[in-house]
Undergrad: 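Before we start, here is the structure in question, set down as structure tokens.
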Protein chains: 2
Amino acid sequence: MESKSYTEIFKKNGIKATKQRELVFGLLTDSDVPLTVEEIYVGLMEKEKNMSLSTIYRILDVFVEKGLVQKSNITDNKAVYEVVGMGHKHHIICISCGKIIALDHCPIKEYEKALEKETEFEITSHKLVFFGYCPECKKKNEGDHGK
Amino acid sequence: MESKSYTEIFKKNGIKATKQRELVFGLLTDSDVPLTVEEIYVGLMEKEKNMSLSTIYRILDVFVEKGLVQKSNITDNKAVYEVVGMGHKHHIICISCGKIIALDHCPIKEYEKALEKETEFEITSHKLVFFGYCPECKKKNEGDHGK
DNA sequence: ATTGCAAATGCAAATTATTCGCATTTGCAA
DNA sequence: TTGCAAATGCGAATAATTTGCATTTGCAAT
């Protein structure tokens, strides 16, 4: 694993296949959790690259625009990014340790239809995030989170 | 309308009843859409007040902590705030004009239960946002948003 | 292969939302 | 009425993201 090329994907989407884009897309593809820009930045530094932060932002913007990557503003401050394999993702985030897990199942496709009728909006997408305590933090908290 | 007091609410929640809090809470209560900090700021300026932005941020933090107000980071940049009447709210936002509408119905209470079993998280809350074109913008776009 | 140019990158400075430090004011309990 | 903790105002500080511009680079056409 590691060294495959995404050149065709880029070509297909009408964008140039640059080294930086290969690296960013590769990192996102290999990750099993959504990544922040900062995580991508340090992740690629370790792989001995000196890539500009703004370049990462711009690359991600392009990926999102092309529908290759999903951007989610889950927490108040930083956005996280992940590849759109097949279909969008929802998330569950631990409010104690910050861990973010992606969920594949989407329980509201049907509701979306009903909502379109009700509101007369043309709905193009949605985001759903759950907050709570992950199994590990749940144990730690045991017996003290009443109020 | 306009000039009722929320002093009891504040007392009940163990926070002082200040003029600034009355104003912010009043504005949120009277609004039928979620407001940004900036909107609150200018909204209260017009009512001839010189309130500090940081005061508004702090007041809202307290309201959120006390469960009086719901904060939602819907768009990439600014957060919006709204009073928690009875139960939380979801949103639908127009990606053309930026209009945000609050939805009362929550279609995922049941799913949340299932998800708790599946993930072993203890889920405490969730956020759901829909994106699309509002009726007005839908008309304007008529016939041109295919690709 | 070589070349030319638009697209992409790097860097630093700018922007924007939000937070923080600290001196001053103010609600409210005694 | 008084005292003091809580709240406010102001400006400065942060932190994430964006932008301007000069330089580099992918790639299509030669």
Side-chain angles (χ1 to χ4, degrees), chain A residues 5-27 34-45 47-66 68-69 71-81 98 100, chain B residues 5-27 34-45 47-66 68-69 71-81 98 100:
Chain A
S5 166
Y6 306 96
T7 305
E8 299 109 70
I9 295 180
F10 299 150
K11 288 269 172 68
K12 192 173 304 176
N13 282 277
I15 59 177
K16 287 187 182 173
T18 67
K19 180 170 33 177
Q20 292 84 335
R21 281 176 180 159
E22 294 279 350
L23 286 169
V24 172
F25 201 81
L27 190 65
L35 299 176
T36 64
V37 170
E38 193 188 355
E39 287 167 340
I40 294 171
Y41 184 63
V42 308
L44 295 183
M45 285 202 121
K47 293 186 179 174
E48 58 204 316
K49 284 293 138 191
N50 62 320
M51 187 179 311
S52 170
L53 260 181
S54 48
T55 298
I56 297 178
Y57 276 106
R58 280 189 279 232
I59 285 177
L60 290 169
D61 281 350
V62 172
F63 287 173
V64 169
E65 189 183 312
K66 295 299 181 184
L68 299 171
V69 161
K71 173 182 182 181
S72 300
N73 292 82
I74 292 178
T75 60
D76 286 10
N77 41 356
K78 322 190 170 199
V80 293
Y81 298 82
I100 299 178
Chain B
S5 165
Y6 306 97
T7 304
E8 299 109 70
I9 296 181
F10 299 150
K11 289 268 171 70
K12 191 172 306 175
N13 282 277
I15 59 177
K16 286 187 184 172
T18 67
K19 180 169 37 179
Q20 291 84 336
R21 283 177 178 157
E22 294 279 349
L23 287 168
V24 171
F25 200 81
L27 191 64
L35 300 176
T36 65
V37 170
E38 194 189 354
E39 287 166 340
I40 294 170
Y41 184 62
V42 307
L44 294 185
M45 285 203 121
K47 293 187 181 177
E48 57 205 316
K49 283 294 139 192
N50 62 319
M51 186 178 311
S52 170
L53 259 182
S54 46
T55 297
I56 297 178
Y57 277 105
R58 282 190 278 232
I59 285 177
L60 290 169
D61 281 351
V62 171
F63 287 174
V64 169
E65 190 183 312
K66 295 299 180 183
L68 298 171
V69 161
K71 173 181 181 180
S72 301
N73 292 80
I74 292 178
T75 61
D76 286 10
N77 41 355
K78 321 189 171 198
V80 292
Y81 298 82
I100 299 178

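Remember, it's a predicted structure, so these values are computed and weren't measured experimentally. Naming convention: chains lettered A, B, ... in sequence-line order (proteins, then strands); numbering from 1 in each chain.
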Undergrad: Under a 3.5 Å cut-off for both contacts, is C:dA30 paired Watson-Crick or G-U wobble with anything, and if yes, with which nucleotide?
TA: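 Result: D:dT1.
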Undergrad: Go through D:dA7, C:dG10, D:dC10 for me and flag the one nearest to the B:S54 side chain.
TA: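 Between D:dA7, C:dG10, D:dC10, the one nearest the side chain of B:S54 would be D:dC10.
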Undergrad: Answer with base, sugar-phosphate or nothing: what part of the nucleic acid does A:D76 contact at a heavy-atom distance below 4.0 Å?
TA: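 If one applies the 4.0 Å heavy-atom cut-off, A:D76 turns out to touch nothing in the nucleic acid.
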Undergrad: What's A:K78 touching, base or sugar-phosphate or nothing? Going by heavy atoms closer than 4.0 Å.
TA: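 Sugar-phosphate contact only - A:K78 comes under 4.0 Å of backbone atoms but never of a base.
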Undergrad: How long is the line joining CG of A:N50 and C1' of C:dC11, in whole Å?
TA: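 From A:N50 CG to C:dC11 C1': 11 Å.
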Undergrad: Give the nucleotide from the list D:dA28, D:dT19, C:dT18 with an atom nearest to the side chain of A:K11.
TA: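 Given the options D:dA28, D:dT19, C:dT18, the side chain of A:K11 is closest to D:dA28.
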Undergrad: Please tell me which of the listed nucleotides, D:dG20, C:dA17, C:dT19, lies nearest to the side chain of A:R58?
TA: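 The nucleotide sitting nearest to the side chain is D:dG20.
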Undergrad: Verify the contact: side-chain N or O of A:Q20 to OP1 or OP2 of C:dG10, cut-off strictly under 4.0 Å; return yes or no.
TA: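 For C:dG10, OP1 or OP2 has a side-chain N or O of A:Q20 closer than 4.0 Å.
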Undergrad: Please check: side-chain N/O of A:Q20 versus main-chain N/O of A:I56, any donor-acceptor pairing under 3.5 Å?
TA: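 Looks like no, no N/O pair under 3.5 Å.
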Undergrad: On the nucleotide C:dG10, are OP1 or OP2 found under 4.0 Å from the side-chain N or O atoms that A:T55 carries?
TA: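 Checking C:dG10 against A:T55, a side-chain N or O does come within under 4.0 Å of OP1 or OP2.
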Undergrad: How many whole angstroms separate atom NZ of B:K19 from atom P of C:dT25?
TA: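 Whole-Å distance recorded here is 13 Å.
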Undergrad: Closer than 3.5 angstrom, by distance alone: can the side chain of A:S52 be matched with the main-chain N or O of A:S54 as a donor-acceptor pair?
TA: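 Such a contact is found between A:S52 side chain and A:S54 backbone.
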Undergrad: Under 4.0 Å: is that the gap between some side-chain N or O of B:R21 and OP1 or OP2 of D:dA7?
TA: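 For B:R21, the contact criterion (side-chain N or O under 4.0 Å from OP1 or OP2 of D:dA7) is met.
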Undergrad: By the side chain to side chain donor-acceptor pair (under 3.5 Å) test, which pairs, at least two apart or in different chains, include something from residues 9-19 of chain A?
TA: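 For residues 9-19 of chain A: none.
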Undergrad: Would you mind reading off the distance between B:E65 atom CD and D:dA6 atom P, rounded to a whole angstrom?
TA: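 B:E65 atom CD is separated from D:dA6 atom P by 13 Å.
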Undergrad: Quick one: on DNA chain C, does A:G14 or B:A79 contact a more 5' nucleotide (nearest heavy atom)?
TA: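 By nearest-heavy-atom nucleotide position, the 5'-most residue is A:G14.
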Undergrad: How many whole angstroms separate atom CD1 of A:I59 from atom C1' of D:dT18?
TA: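 Interatomic distance, CD1 of A:I59 to C1' of D:dT18: 15 Å.
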Undergrad: From C:dG10, C:dA6, D:dG11, pick the nucleotide closest to the side chain of A:K16?
TA: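 The answer is C:dA6, which lies nearest to the side chain.
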Undergrad: Between C:dC28, C:dT18, D:dT17, which nucleotide has the shortest distance from any of its atoms to the side chain of B:Y57?
TA: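 Among C:dC28, C:dT18, D:dT17, the one nearest the side chain of B:Y57 is C:dT18.
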Undergrad: Can you check the B:Y81 OH to C:dA17 C1' distance for me, whole Å?
TA: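 Rounding to the nearest Å, OH of B:Y81 and C1' of C:dA17 are 10 Å apart.
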Undergrad: Whole-Å distance between C:dA17 C1' and B:N73 CG?
TA: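 Result: 11 Å.
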Undergrad: Rounded to whole angstroms, how far apart are CZ on A:F10 and P on D:dT25?
TA: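 Rounded to whole Å, this separation is 18 Å.
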Undergrad: Once the angle between the rings of B:F63 and B:F25 is folded into 0 to 90°, is it parallel (under 30°), tilted (30 to 60°) or perpendicular (over 60°)?
TA: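 Answer is perpendicular, since the angle exceeds 60°.
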Undergrad: Working note: A:K71 + A:N73, criterion side-chain contact (heavy atoms from CB on, under 4.5 Å); need CA distance, chi angles, decisive distance, verdict.
TA: CA-CA 7 Å; A:K71 173 182 182 181; A:N73 292 82; 3.9 Å; yes
Undergrad: Could you give the CD1-to-P distance, from B:I56 to D:dC10, as a whole number of Å?
TA: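 Going from B:I56 (CD1) to D:dC10 (P), I get 12 Å.
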